[in-house]
Amino acid sequence: VFKPSEPPEKKQPNRPPLPVGRARCRHYGCQNEYATADNGESACRYHAQAPVFHEGTKSWPCCNVKKWDFDEFLAVPGCCTGPHEPSD
């Protein structure tokens with residue numbers, strides 16, 4: 001039960017912990033699991049900005065791509081290349 005004087009609890013994702021030497025990328029459009037030893041300057045293809053969902057459209061503002069279909073939206077390749085950024 002939520003009480004106004006207490007902050008709401010933060011929900012943690014229900015993902016199992018990753019094995020040692022593996023991490024998950026935090027970049028928009030990537031979020032893949034990868035081997036930290038294989039992370040290099042061109043290992044990740046991602047989007048520089050967060051996706052925007054507005055009135056049925058899905059868009060990547062960083063590369064000016066707008067889609068109506070969610071599967072097509074997810075298939076848009078990233079517009080930036082760089083190393084994976086591990087999530088916490």
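- With sequence neighbours left out, Asp38 forms a side chain to side chain contact (heavy atoms under 4.5 Å, CB included) with Ala35.
- With sequence neighbours left out, the side chain to side chain donor-acceptor pair (under 3.5 Å) criterion links Glu85 to no other residue.
- Scanning all heavy atoms of the two residues, the minimum distance from Tyr46 to Gly82 falls at CE2-N, 3.8 Å.
- Listed by chain and number, the residues in a side chain to side chain contact (heavy atoms under 4.5 Å, CB included) with Leu74 are Phe70 (sequence neighbours excluded).
- Scanning for side chain to side chain contact (heavy atoms under 4.5 Å, CB included) contacts around Lys67 gives Val65, Glu72, Phe73, Val76, with sequence neighbours left out.
- Here Pro86 pairs with Ala23, Tyr34 under the side chain to side chain contact (heavy atoms under 4.5 Å, CB included) rule; sequence neighbours left out.
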Return all side-chain donor-acceptor pairs below 3.5 angstrom for residues 52-64, not counting sequence neighbours, or 'none' if the list is empty.
| from | atom 1 | to | atom 2 | distance (Å) |
| --- | --- | --- | --- | --- |
| Thr57 | OG1 | His54 | O | 2.7 |
| Lys58 | NZ | Gly56 | O | 2.8 |
| Lys58 | NZ | Trp68 | O | 2.8 |

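- For residues 16-30, every residue pair satisfying the side chain to side chain donor-acceptor pair (under 3.5 Å) rule, not counting sequence neighbours, is listed here: Arg22-Glu33, Arg26-Asp88.
- Considering every non-hydrogen atom in both Gly29 and His47, the closest pair reads CA-CD2, 4.2 Å.
- Under a 3.5 Å cut-off, the side chain of Thr36 and the backbone N or O of Gly21 do form a donor-acceptor pair.
- By the side chain to side chain donor-acceptor pair (under 3.5 Å) test, Arg45 pairs with no residue at all, sequence neighbours left out.
- No donor-acceptor pair under 3.5 Å is formed between the side chain of Asn39 and the backbone N or O of Pro83.
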Using the side chain to side chain contact (heavy atoms under 4.5 Å, CB included) rule, take Gln31 and Cys25 through it: C-alpha gap first, then chi angles, then the decisive distance, then the call. CA-CA 4 Å; Gln31 282 119 23; Cys25 184; 5.7 Å; no

